[in-house]
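Worksheet: one structure, shown below.
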Amino acid sequence: MAHNMVPRLRFPEFDGKWDKEKVVNVFSIFNGYAFSSSDSVDDGCLWVKIADVGIQKMKTDNLSYLPKSFTVKHSKFLLKENDYVVALTRPIISGELKVARINEFFNNSLLNQRVGKLISNENLDYIYFLLQNKRLIKSIENNIAGSDPPNLSPNEINNIKVGLPKKDGQTKIATFLSAIDKRINLIQEKKAELEQYKKGVMQKIFSQTIRFKDENGIDFPNWEEKKMGQLYSFKTTNSYSRDKLNYENGDVRNIHYGDIHTKFKSHFDIKKESVPYLNSDIDTSKIANECFVQQGDLVIADASEDYEDIGKSIEIINLNNEKLVAGLHTFLARRKNPNIAIGFGGHLMKSFYIRLAIKRIAQGTKVLSISTTRLSEIKVQLPSFSEQQKIANFLSTIDISIEKMGNQIDDSVLFKQGLLQKMFV
């Protein structure tokens with residue numbers, strides 16, 4: 001305890017300097033057991049593997065099980081609610097440590113090798129938030145660099161020094177930050193519920209279980225069956241890779257298929273998206289006028305490594321008078337006539353039956369692809385223009401609420417990150 005420290009932000013009832021301690025004196029990591037894959041069963045005790053540990057949350061999308069008898073046989077590897085676990089292989093992703101609290105769902109689960117349980121005589125909740133501090137994560141990352149894959153082990157991190165307040169100070173910090181986490185989790189749950197509601201209501205709308213009426217309460221006309229090729233024509237796109245794009249300057253922006261997969265919203269407003277430019281050495285004067293993206297166009301990703309993303313698309317709803325082209329591994333689909341309302345196409349392409357049809361026409365083994373020929377043959381149920389507008393307005397209102405919740409989550413996470421930097425030393 002040769003060094004003392006003071007945080008930049010603290011509660012008024014606390015003063016004095018913090019101790020500077022080695023990690024080995026603050027917490028330890030208890031490693032899981034090397035259960036055999038042959039022990040796996042279809043139902044039993046949850047088996048916590050490295051893939052189950054996310055960034056500040058446990059994941060439930062790929063669960064594994066061990067025989068229930070193992071909870072007695074291997075009782076020292078049993079996890080309880082409110083324990084904390086950390087991934088020990090590739091533990092850091094994008095500057096975040098994969099550490100999470102065991103929730104009620106994973107209570108009485110068994111700890112696998114390469115997942116560690118945090119052990120400490122200090123406040124464990126405080127240790128959990130300490131391990132979210134960017135400075136400490138960077139120190140851990142530097143100390144485990146060199147192995148491939150990077151592995152977190154006590155020998156590599158035990159000598160890292162961290163700030164440690166007295167127990168009552170730890171409790172105060174942990175309680176405060178837990179309240180912020182609770183707020184974030186609550187908004188995340190509400191957002192997930194609204195997304196699930198939208199998914200359900202979309203299925204009812206596009207199966208015509210739910211129908212809209214006009215302003216006078218009169219039913220809209222029956223939907224008409226059309227082929228995709230009757231509604232949209234396909235324009236030429238470019239094949240420029242990422243190294244031909246930049247985010248600083250240019251005259252023409254370019255949609256890369258990777259951005260459709262990862263970040264662009266289904267209704268694309270260029271004012272709300274970060275879109276790269278074509279590099280200045282590319283002669284954009286050779287691009288035909290009809291190949292510039294227009295409002296109401298669909299830009300469709302024609303390649304993907306999985307079925308969930310193949311044919312993922314965006315509808316252009318606002319260009320803000322900017323020049324935009326569609327790039328590598330995309331189709332540019334343009335309305336053949338104005339009988340498709342702007343805003344409707346983006347929802348149509350996310351409907352369950354269009355998504356199913358696209359998955360059916362996808363071809364390939366390692367990489368899936370679709371063709372404009374097959375895409376043109378997909379049958380579309382098309383409501384009247386006025387009903388399209390009603391549908392688009394209704395679903396877009398839900399999207400706005402989902403987006404607001406997403407912004408609230410982002411703001412809260414950013415606020416919390418700022419506190420983590422200031423409240424720890």
Side-chain angles (χ1 to χ4, degrees), residues 3 5-10 18-32 48-59 82-103 111 114-120 122-165 169-170 173-182 184-185 188 409-425:
H3 299 278
M5 325 162 83
V6 177
R8 282 184 288 160
L9 184 66
R10 68 197 317 187
W18 289 15
D19 296 324
K20 193 171 188 177
E21 291 279 8
K22 289 182 178 180
V23 161
V24 68
N25 298 323
V26 179
F27 67 87
S28 60
I29 298 172
F30 174 73
N31 203 349
V48 174
K49 295 181 174 180
I50 201 160
D52 301 321
V53 185
I55 296 167
Q56 296 154 45
K57 65 178 178 182
M58 295 298 293
K59 297 157 75 175
N82 296 323
D83 282 343
Y84 288 102
V85 291
V86 60
L88 301 180
T89 299
R90 300 192 196 281
I92 297 170
I93 296 177
S94 302
E96 301 276 5
L97 182 69
K98 291 200 283 185
V99 59
R101 183 178 69 85
I102 293 297
N103 52 23
L111 185 69
R114 306 313 305 152
V115 182
K117 182 173 82 167
L118 295 176
I119 307 291
S120 180
E122 307 298 335
N123 184 308
L124 261 178
D125 295 335
Y126 174 84
I127 305 301
Y128 171 60
F129 289 112
L130 174 68
L131 286 167
Q132 295 173 43
N133 179 274
K134 296 287 188 184
R135 287 189 298 273
L136 177 55
I137 293 171
K138 190 65 183 173
S139 294
I140 293 172
E141 190 170 34
N142 290 340
N143 281 41
I144 66 174
S147 60
D148 187 24
N151 286 310
L152 197 161
S153 69
N155 289 341
E156 270 130 0
I157 68 167
N158 274 345
N159 289 324
I160 295 173
K161 291 181 178 178
V162 296
L164 192 70
Q170 295 174 30
I173 290 169
T175 302
F176 178 71
L177 291 172
S178 293
I180 294 174
D181 271 358
K182 192 173 181 181
I184 293 170
N185 292 337
Q188 285 173 333
I409 293 166
D410 291 343
D411 290 345
S412 297
V413 168
L414 204 61
F415 174 63
K416 179 187 163 187
Q417 275 300 332
L419 292 173
L420 285 167
Q421 295 305 101
K422 293 175 183 176
M423 296 178 78
F424 291 83
V425 288

Pair Leu118, Val85 - check side chain to side chain contact (heavy atoms under 4.5 Å, CB included), show working. CA-CA 6 Å; Leu118 295 176; Val85 291; over 6 Å; no
Side chain to side chain contact (heavy atoms under 4.5 Å, CB included) evaluation trace for Phe27 with Leu131: CA-CA 11 Å; Phe27 67 87; Leu131 286 167; 3.9 Å; yes
For the atom pair CG (Asn123) and OH (Tyr128), what is the distance rounded to the nearest 0.5 Å? 13.5 Å
At their closest point, which heavy atom of Pro165 faces which heavy atom of Gly169, and how far apart are they? CG-C, 4.3 Å
Residues forming a side chain to side chain contact (heavy atoms under 4.5 Å, CB included) with Asn82, sequence neighbours excluded: Arg101
Applying side chain to side chain donor-acceptor pair (under 3.5 Å) to Lys416 and not counting sequence neighbours gives Gln56, Gln132, Asp181
How far apart are the closest heavy atoms of Met58 and Ile102, and which atoms are they? CE-CD1, 4.0 Å
Per-pair distances, 0.1 Å, donor-acceptor, side chain in residues 136-143, under 3.5 Å, sequence neighbours excluded:
residue : atom : partner : partner atom : Å
Ser139  : OG   : Arg135  : O            : 3.2
Asn142  : ND2  : Lys138  : O            : 3.4
Asn143  : ND2  : Glu156  : O            : 2.9

In this structure, CD1 of Ile144 is separated from CG of Leu88 (nearest 0.5 Å) by 9.5 Å
Go through the structure and list residues passing side chain to side chain contact (heavy atoms under 4.5 Å, CB included) with Val425, not counting sequence neighbours. Met5, Pro7, Trp18
Tell me every residue that passes side chain to side chain donor-acceptor pair (under 3.5 Å) with Asp83, counting only those two or more places apart in sequence or in another chain. none
Residues that Thr89 engages under side chain to side chain donor-acceptor pair (under 3.5 Å), provided they are two or more places apart: Arg114, Asn151
For Asp125, check side chain to side chain donor-acceptor pair (under 3.5 Å) against everything at least two apart and list the hits. Tyr84
From the list Val99, Leu97, Val86, Val115, side-chain contact (heavy atoms from CB on, under 4.5 Å) partner of Val53 resolves to Val115
Would you please name every residue forming a ring pair (Phe, Tyr, Trp, His ring centres under 6.0 Å) with Phe424, sequence neighbours left out? Tyr126
Ignoring hydrogens and angles, tell me if any N or O in the side chain of Asn133 forms a donor-acceptor pair with the backbone of Leu420 under 3.5 Å. yes
List the residues meeting side chain to side chain contact (heavy atoms under 4.5 Å, CB included) with Lys59, not counting sequence neighbours, and say none if there are none. Asp61
To the nearest 0.5 Å, what is the distance between CG on Asp52 and NZ on Lys49? 8.0 Å
By ring pair (Phe, Tyr, Trp, His ring centres under 6.0 Å), Phe129 pairs with (sequence neighbours left out) none
So do the side chains of Lys57 and Asn103 get within less than 4.5 Å of each other, counting heavy atoms only? no
Ala100 versus Gly54, closest heavy-atom pair with distance: CB-O, 4.2 Å
One pair to check against side chain to side chain contact (heavy atoms under 4.5 Å, CB included): Asp410 and Leu414. What are the steps and the verdict? CA-CA 6 Å; Asp410 291 343; Leu414 204 61; over 6 Å; no
Residue list, side chain to side chain contact (heavy atoms under 4.5 Å, CB included) with Phe176, at least two apart or on another chain: Phe11, Ile180, Leu419, Met423
Check for a donor-acceptor pair, side chain of Glu122 on one end and backbone N or O of Val26 on the other, with a separation under 3.5 Å. no
In short, salt bridge (charged side-chain N to carboxylate O under 4.0 Å, His left out) pairs touching residues 143-152 with sequence neighbours left out are none
Show your working on side chain to side chain contact (heavy atoms under 4.5 Å, CB included) between Ile157 and Leu152 and close with a plain yes or no. CA-CA 8 Å; Ile157 68 167; Leu152 197 161; 3.8 Å; yes
Looking at Ala87 and Pro91, what are the two nearest heavy atoms and their distance? O-CB, 3.0 Å
On a heavy-atom basis, which atom in Glu96 and which in Lys134 lie closest, and how many Å separate them? OE2-NZ, 3.1 Å
Validation row: Lys98, Ile93 side chains within 4.5 angstrom (heavy atoms): yes
